[in-house]
Amino acid sequence: LEGFRTLYHGDATGGGRHFGSRLVEAADGTVFLTTGDRGTGPDGMESQDPMRVEGKVIHLNRDGTPATTLPGHRPGVYSLGHRNAQGATLDADGNLWLVEHGAQGGDELNRIEAGRNYGWPVISYGEDYGGGQIGEGAARDGMEQPLHYWVPSIAPSGMIIYQGDLFPEWKGDVFTGSLNSDFISRLDPENGYAEERIAGPQTGRVRDIVEAADGSIWFLSVYDGVAYRLTPNG
Ligand SMILES: [Ca+2]
C-alpha cells in the first residue's frame with residue numbers, strides 16, 4: 001500500500017492480539033469500527049474505560065473526526081465493554097449489530113446502541129482459558145445481555161443479516177462464519193435465535209461473509225483461499 005494517510009489513531013497500549021476489526025458504513029456515510037481489547041482481559045479493564053480505545057465500537061466521520069461524542073467518553077466512542085468483534089453489519093432498519101469472540105466460551109451476538117456497556121470483562125458466559133470465572137458472572141445491572149451466545153466458542157468472523165429475496169425463508173436471519181469449527185452459523189431471530197450450522201467441504205475457517213445484490217451469499221474460506229457463492233441450487 002502507498003499513498004494512504006492516518007484518519008484515526010487509537011493509542012492502544014495492550015498486548016499484541018485481539019485487534020478486531022470490522023468497518024461498517026452507515027446510511028449517512030459515517031463509519032463504525034470495532035476495536036479489540038488487545039488481549040489484556042480478563043484482568044485488563046481497558047474495555048470498560050470510556051476514555052480508552054480498546055474494546056469499543058468507534059463512530060467516525062469519513063475524515064476520521066468523531067461522529068459521536070458522549071459525555072465522559074473519548075470522542076468517537078459509541079459503545080464499550082467489547083472483547084474482540086470480528087463481525088459487524090447493519091440490519092434492515094440501519095441498526096448496528098456485531099459478533100465478538102469470548103474467551104473459553106461466551107462468544108456473543110450483540111445489537112449495538114450508543115452509550116451502552118456490553119460487559120467485557122466484568123460479565124461473560126465463558127470462562128477463562130484453562131478454567132476459572134471471568135469477572136462477576138453472567139449478568140449485572142447497567143450491562144447489556146447478548147441476544148445469543150455460544151458455549152463452546154465458534155470464533156465468529158464476518159456477519160450479515162440477510163435481506164435478499166433469493167432465500168425468502170432466511171430473510172432477517174443472522175449469518176456468521178466459524179473460524180474454529182468450519183461452518184456457517186445461521187440464527188433465526190424469529191425462533192429464539194435457533195441455530196443451523198451450514199457445513200460442507202467449502203466452509204473451512206470461514207473468515208468473511210457478504211450478501212450480494214442478487215441475494216446470493218458469498219463467503220471466504222481461509223483454508224482454500226477461495227470465495228464461494230451460495231445459492232438455493234448449491
Ligand atoms: Ca458481553
Side-chain angles (χ1 to χ4, degrees), residues 10 12 14-15 17-22 24 32-59 68 70 72-74 76-91 95-159 161 174-180 185 187 189 192-195:
R17 56 197 173 99
H18 299 182
F19 303 102
S21 173
R22 294 292 160 146
V24 173
F32 294 103
L33 71 94
T34 71
T35 62
D37 72 349
R38 297 301 289 269
T40 65
D43 298 323
M45 294 298 284
E46 290 90 341
S47 299
Q48 286 293 318
D49 184 344
M51 296 304 292
R52 295 202 56 88
V53 72
E54 298 94 335
K56 303 297 186 304
V57 172
I58 309 289
H59 190 203
T68 292
L70 301 169
H73 291 58
R74 174 193 178 103
V77 167
Y78 191 79
S79 64
L80 67 158
H82 302 290
R83 184 172 181 273
N84 194 22
Q86 295 189 27
T89 194
L90 304 175
D91 64 20
N95 301 302
L96 180 69
W97 297 57
L98 56 76
V99 286
E100 54 184 293
H101 291 207
Q104 191 164 283
D107 300 346
E108 296 183 352
L109 169 70
N110 287 307
R111 181 178 177 275
I112 304 304
E113 294 186 54
R116 299 288 177 91
N117 184 337
Y118 291 82
W120 178 259
V122 180
I123 58 172
S124 172
Y125 285 91
E127 58 181 15
D128 206 357
Y129 294 106
Q133 180 174 306
I134 292 171
E136 301 177 1
R140 178 173 164 176
D141 285 348
M143 293 185 175
E144 303 303 311
Q145 284 291 305
L147 295 168
H148 179 80
Y149 63 92
W150 289 268
V151 177
S153 291
I154 69 165
S157 187
M159 181 182 186
I161 297 176
V174 177
F175 291 78
T176 185
S178 169
L179 289 176
N180 69 5
S185 170
L187 301 173
Y193 292 92
E195 183 180 49

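Both ligands and their constituent atoms are indexed starting at 1 by order of listing. Values reported hereafter were calculated over all heavy atoms of this structure, with side chains retained and with hydrogens, waters and symmetry mates removed. As the structure is a computational prediction, the values presented were derived from the model and not from experiment.
With hydrogens and angles left out, the side-chain atoms of S157 and R22 include a donor and acceptor closer than 3.5 Å. Of the N and O atoms on the side chains of E54 and S47, not one donor lies less than 3.5 Å from an acceptor on the other residue. No donor-acceptor contact under 3.5 angstrom links the side chains of Q48 and W120, judged on distance only.
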In residues 133-142, what donor-acceptor pairs under 3.5 Å come from side-chain atoms, sequence neighbours left out?
unit_1	atom_1	unit_2	atom_2	d
Q133	NE2	G135	O	3.0
E136	OE2	R140	NH1	2.9

Checklist line | V53 and I58: CA distance, side-chain angles, deciding distance, side-chain contact (heavy atoms from CB on, under 4.5 Å) verdict | finding: CA-CA 8 Å; V53 72; I58 309 289; 4.1 Å; yes
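Near the Ca ion (ligand 1), less than 3.0 Å away, sit the protein N, O or S atoms E108 OE1, E108 OE2, Y118 O.
With rounding to the nearest 0.5 angstrom, the OH atom of Y149 is 10.0 Å from the CD atom of E108.
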